[in-house]
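What follows is a set of notes on a single structure, which appears directly below.
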Amino acid sequence: MGPHFLQLPEELLLLILSYLDGQALGRLGQVCRRLCALAGRDALWRRTARKCLNSGFLQQGTDAFPGISVKERVRVSQNWKNGRCRRDILLKWKRNLMPWLQISGDLLYLSQAEEIRAYQLRPNNNGLHRRPFTVFLGHQEDVCRFIISNSHIISGGGDGKIALHKIHSPASILFTAHEQDVNCVDGHGGILVSGSRDRTTRVWSLASNRLGQCLHTIQTEDRVWSIAINPLLSSFVTGTACCGHISPLRIWDLQSGQLMTCLGTDFRRGAGVLDVCYETPNTLLSCGYDTYIRYWDIRTSTRRCVKEWEEPHDSALYCMQSDGNYMIASGSSYYGVVRLWDKRMNHCLQSFSLSSPTSSPVYCLRFSTTHLYAALASSLHVLDFSNPDSRFTTF
């Protein structure tokens, strides 16, 4: 490569480099400082990144993390694919709980019995501050699940109540929502939905002038374990215990509360759905006691899922999260096993056992482009894929 090549206009150089794959770009960047700068441009790495796991690009092509170098995300994506990570236990507690967690910016929110604690994540991938930044109170019994929506924490508890906490102020509201445990909640666009052990789902207003007003009460005829609102705010899906002859996955109209459709026909009795999430307005994922992750596309069929992946060793799946494109992470009911799945493959991509030799379910997991956090019965674990340690690998 002669000096005349570098004298070409930058636009032409970038066009030429756009035909190179990631490996070639990486090698080219080692030639000189000028080419290193050019080969590191985000525009050159986007095509590669869109094919990678957990690179921050959604199915629609949207970049969810525009502030992070695309080249760096491609590098870290290879660690996710190959299971290279550094493990650590961030927190431990004395008695077994069923914690739930959420991540928002540089804060990690973790339910601990009747409390929700906010922990500050340390910069430069260096764990978290062990002293809670804030503690949110209100429930008389354990928090079942909670979400973060519009600068509010919304939680459902074993006391049958829903709590709304404003994150940046001490203001909070607590109201009775169900006769038994509020197992799940989801909220978007001024609407909140809740599901309970009392076999009902309720739709609530979050508008300031109607806050906490019940808009619909739906008799589900089964205990509700999971719930999710469609991104278009037109409907929501419930996952129930499957104790009868009704499909555990049903979609309801958000405005009228009427049943729209049931998903699937082959669920065996007791195959309850413990977690469900929308990826797009037409596609969603579900998992639960029947050991399967299922991918549904309601445009194709409501009777059969598009694809399914089975958890080995007959373990129930307590939780999952999708990167919005190719990767799914799931948490199983035994030995704190976290699995990574590539939707383009039929089998598990990577597995990590976090609680061996003792057994604990993974009650909740959340991941960013660099870290995966998993809440077990008595500890909070992290897998750091940005700074892998060769001593800790998958099994």
Side-chain angles (χ1 to χ4, degrees), residues 96-102 110-111 142-147 155-158 178 180-186 193-201 220-229 236-244 246-252 262-264 266-279 284-296 305 308-322 328-341 348 354-355 359-367 372-377:
N96 287 347
L97 301 172
M98 298 175 65
W100 197 253
L101 70 90
Q102 300 285 358
L110 179 71
S111 64
D142 288 5
V143 173
C144 296
R145 292 193 182 183
F146 67 93
I147 62 167
S155 59
H178 291 269
Q180 297 183 40
D181 309 29
V182 181
N183 290 324
C184 50
V185 292
D186 195 17
V193 292
S194 61
S196 172
R197 190 181 182 88
D198 67 6
R199 304 187 177 195
T200 66
T201 291
T220 60
E221 302 178 33
D222 208 351
R223 290 168 290 175
V224 184
W225 295 132
S226 55
I227 204 160
I229 297 177
F236 66 94
V237 60
T238 55
T240 56
C242 200
C243 292
I246 303 171
S247 168
L249 270 175
R250 284 172 285 174
I251 296 177
W252 310 82
C262 298
L263 298 182
D266 318 353
F267 292 98
R268 65 175 186 265
R269 186 178 176 86
V273 176
L274 297 176
D275 204 2
V276 62
C277 66
Y278 277 95
E279 283 201 321
L284 62 147
L285 292 159
S286 65
C287 69
Y289 282 120
D290 70 345
T291 75
Y292 282 92
I293 299 172
R294 289 187 168 90
Y295 183 60
W296 304 87
C305 62
E308 61 186 18
W309 301 268
E310 185 175 12
E311 167 77 7
H313 313 304
D314 201 31
S315 298
L317 290 162
Y318 272 45
C319 57
M320 65 181 174
Q321 184 185 347
S322 166
I328 305 169
S330 65
S332 72
S333 58
Y334 297 121
Y335 294 103
V337 174
V338 170
R339 300 190 193 277
L340 303 182
W341 309 81
C348 172
L354 303 182
S355 70
S359 183
S360 166
V362 178
Y363 286 109
C364 186
L365 59 78
R366 292 290 181 265
F367 60 79
L372 185 147
Y373 301 90
L376 278 62

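Judged as a salt bridge (Lys or Arg N to Asp or Glu O under 4.0 Å), and not counting sequence neighbours, R250 has no contacts. The side-chain hydrogen bond (donor to acceptor under 3.5 Å, both in side chains) search around W225 returns none, not counting sequence neighbours. Partners of E308 by side-chain hydrogen bond (donor to acceptor under 3.5 Å, both in side chains), not counting sequence neighbours, listed by chain and number: R294. A search for side-chain hydrogen bond (donor to acceptor under 3.5 Å, both in side chains) contacts involving S155 returns H139, not counting sequence neighbours. Listed by chain and number, the residues in a side chain to side chain contact (heavy atoms under 4.5 Å, CB included) with A228 are D186, V237, V276, Y278 (sequence neighbours excluded). In this structure S286 satisfies the side-chain hydrogen bond (donor to acceptor under 3.5 Å, both in side chains) test together with W296, sequence neighbours excluded. Legend: residues meeting side chain to side chain contact (heavy atoms under 4.5 Å, CB included) with E279, ordered by chain and number and at least two apart, are Q59, T283, L285, Y295, S322, K343. Residues meeting the side chain to side chain contact (heavy atoms under 4.5 Å, CB included) test with S333, sequence neighbours left out: S315, A316, Y318. Scanning for side chain to side chain contact (heavy atoms under 4.5 Å, CB included) contacts around E221 gives I246, with sequence neighbours left out.
The closest donor-acceptor contact from the side chain of D198 to the backbone of T200 lies under 3.5 Å. Panel note: side chain R223, backbone R199; no donor-acceptor pair is recorded below 3.5 Å. Judged by distance alone, the side chain of S247 and the main-chain N or O of L263 form a donor-acceptor pair under 3.5 Å. A donor-acceptor pair under 3.5 Å is absent between the side-chain atoms of S194 and the main chain of V185, judged by distance alone. A donor-acceptor pair under 3.5 Å links the side-chain atoms of D222 to the main chain of C242, judged by distance alone. Although no hydrogens or angles enter the test, the distance criterion places a donor-acceptor pair under 3.5 Å between the side chain of S360 and the main chain of A377. Listed for the N183 side chain is a donor-acceptor partner under 3.5 Å among the backbone atoms of V224.
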- Query: Given E311 and W341, is the side-chain contact (heavy atoms from CB on, under 4.5 Å) satisfied, shown in steps?
  - Reply: CA-CA 10 Å; E311 167 77 7; W341 309 81; 3.9 Å; yes
Show your working on side-chain contact (heavy atoms from CB on, under 4.5 Å) between V143 and W100 and close with a plain yes or no. CA-CA 8 Å; V143 173; W100 197 253; 5.8 Å; no
Show your reasoning for whether side-chain contact (heavy atoms from CB on, under 4.5 Å) applies to W309 and I328. CA-CA 10 Å; W309 301 268; I328 305 169; 4.0 Å; yes
Notebook entry, point to check: Can V337 and L354 be said to form a side-chain contact (heavy atoms from CB on, under 4.5 Å), step by step?
Noted result: CA-CA 6 Å; V337 174; L354 303 182; over 6 Å; no
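Separation of atoms CG (L249) and OG1 (T240) is listed at 7.5 Å; rounding is to 0.5 Å. Interatomic distance, CG of L317 versus CG of D290, reported as 8.0 Å (0.5 Å rounding). M320 contributes atom CE, which lies 10.0 Å from atom CG of L274 (distance to the nearest 0.5 angstrom). Here the straight-line distance linking atom OH of Y363 with atom CG of N96 works out to 7.0 Å at 0.5 Å rounding. To the nearest 0.5 Å, atom SG of residue C319 and atom CG of residue D275 are 6.5 Å apart. In this structure, the separation between CZ on F146 and CD on Q102 is 5.5 Å, given to the nearest 0.5 Å.
Annotation: side chain of R145 is in contact with side chain of S226 (closest heavy-atom distance under 4.5 Å). Contact of the W252 side chain with the I227 side chain is not registered, since no non-hydrogen atoms from C-beta on lie closer than 4.5 Å.
Of all heavy-atom pairs spanning G195 and H178, the tightest one is N-NE2, 4.4 Å. Annotation for F267 and A271: closest pair CD2-O, 4.3 Å, computed over non-hydrogen atoms. In terms of heavy atoms, L376 sits closest to G336 at CD2-CA, 3.9 Å. When all heavy atoms are compared, the tightest approach of A329 to L340 is CB-CD2, 3.9 Å. Among all heavy-atom pairs drawn from S196 and D181, the shortest one is OG-O, 2.7 Å.
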